[in-house]
Amino acid sequence: MDTTIEAVQADITTIRVDAIVNAANVSLLGGGGVDGAIHRAGGKDILEQCIAIKDKQGGCPVGEAVITTAGKLPAQYVIHTVGPIWNRNTTKAERLLANSYRNSLKLAVENGAKSIAFPNISTGIFGFPKMKAAEIAISTVEEFLSTVFQLEMVLFVCFDSENFNIYQRLLARELVGQ
Ligand code: AR6
């Protein structure tokens with residue numbers, strides 16, 4: 001099956017897919033940016049399940065992912081992943097960002113999701129360069145889709161126009177290359 005990969009400019013809390021991904025932090029207890037928006041719009045059930053996961057396993061390590069209900073959101077699940085903070089150890093940060101995308105995809109598939117929407121993980125408060133993050137996001141998704149065939153749709157939900165333009169350009173380039 002061919003998976004549709006697309007970029008849209010939108011608020012991820014409005015997207016109707018099986019699973020939306022949250023750019024969370026290690027505590028899983030919410031924060032600013034897309035994390036704050038998801039918890040605000042999704043309601044208390046999401047936070048309650050995050051607290052239960054934190055109590056059980058002490059939070060979510062960087063590059064890993066956990067899954068909860070999507071509460072009041074139109075999606076079915078929220079997959080909370082923790083992206084890396086951009087710092088001098090760029091090789092490590094790049095590897096961890098790829099892990100965040102890969103582990104989110106794995107968790108989506110394990111839970112039967114056929115469609116998934118990603119925000120631009122780590123490119124806000126965590127300061128990851130947007131172009132580099134987009135290259136990692138797209139290449140990690142494509143690598144995953146070359147071996148796992150369950151997903152019908154992967155959406156990159158860009159909030160700011162800078163990210164949206166980057167994704168549009170990179171995805172158009174992929175099409176030309178086919
Ligand atoms: N829908 C889609 N994307 C959004 C939305 C939204 N409603 N709001 C912001 N973005 P950030 P990070 C974009 O800062 O860099 C939190 O406090 C935003 O424009 O949300 O991974 C967590 O708790 C940017 O492109 O996440 C962590 O402590 C992208 O989402 C920390 O921030 C990611 O920006 C995580 O930092």
Side-chain angles (χ1 to χ4, degrees), residues 5-44 46-51 53-54 58-68 70-75 77-90 92-105 107-108 115-138 140-141 153-171:
I5 306 179
E6 256 174 40
V8 292
Q9 188 168 11
D11 174 347
I12 203 166
T13 63
T14 66
I15 303 286
R16 190 174 296 276
V17 283
D18 293 339
I20 63 165
V21 176
N22 180 19
N25 59 60
V26 173
S27 84
L28 291 175
L29 298 181
V34 68
D35 195 7
I38 286 174
H39 279 283
R40 263 194 313 277
K44 65 173 177 31
I46 300 177
L47 186 61
E48 274 170 14
Q49 292 190 11
C50 282
I51 291 170
I53 293 167
K54 184 177 162 64
C60 180
V62 180
E64 304 290 318
V66 301
I67 192 164
T68 67
K72 294 189 284 184
L73 300 176
Y77 299 112
V78 176
I79 292 174
H80 307 260
T81 189
V82 184
I85 297 173
W86 183 249
N87 58 25
R88 259 183 281 172
N89 195 344
T90 57
K92 187 172 177 199
E94 287 168 19
R95 182 169 50 75
L96 290 170
L97 186 63
N99 288 353
S100 275
Y101 279 93
R102 197 178 309 107
N103 286 323
S104 299
L105 290 161
L107 204 49
S115 51
I116 183 168
F118 284 100
N120 307 129
I121 301 165
S122 285
T123 68
I125 293 164
F126 281 178
F128 209 104
K130 290 178 181 176
M131 176 59 87
K132 197 176 275 297
E135 285 167 353
I136 291 168
I138 292 171
T140 306
V141 165
M153 159 87 94
V154 178
L155 265 187
F156 293 108
V157 181
C158 307
F159 202 52
D160 55 278
S161 43
E162 190 187 347
N163 262 318
F164 182 55
N165 291 338
I166 289 172
Y167 273 83
Q168 276 198 310
R169 244 185 306 147
L170 290 180
L171 290 173

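Note that ligands are numbered from 1 as they come in the structure, with each ligand's atoms numbered from 1 the same way.
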*Only counting residues at least two apart or in another chain, list the ones meeting side-chain contact (heavy atoms from CB on, under 4.5 Å) with A37.*
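Result, side-chain contact (heavy atoms from CB on, under 4.5 Å) vs A37: T13, R40.
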Nitrogen or oxygen atoms of [X] and ligand 1 under 3.5 Å apart:
X	value
A37	no
A24	no
A23	no

_For E64, salt bridge (charged side-chain N to carboxylate O under 4.0 Å, His left out) partners two or more places apart_ =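 E64 satisfies salt bridge (charged side-chain N to carboxylate O under 4.0 Å, His left out) with no residue once adjacent residues are dropped.
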*Atoms of ligand 1, numbered as shown, that sit under 4.0 Å from any heavy atom of G31*: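 Matching atoms, with element in brackets: 17 (O), 23 (O).
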_Within ligand 1, which atoms have a heavy atom of N163 less than 4.0 Å away?_
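So the atoms of ligand 1 that pass are 25 (O).
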*How does C158 reach ligand 1, if at all, at less than 4.0 Å between non-hydrogen atoms: by side chain, backbone, both, or neither?*
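It is neither part, as no heavy atom is under 4.0 Å.
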*Under a heavy-atom criterion of less than 4.0 Å, does T13 contact ligand 1?*
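No, T13 has no heavy atom closer than 4.0 Å to ligand 1.
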Quick one: which of [options] gives a side chain to side chain contact (heavy atoms under 4.5 Å, CB included) with [X]?
X	options	result
F128	L97, T90, N87	L97
I79	V66, I20, I67	I67
I46	N22, V78, L28	V78

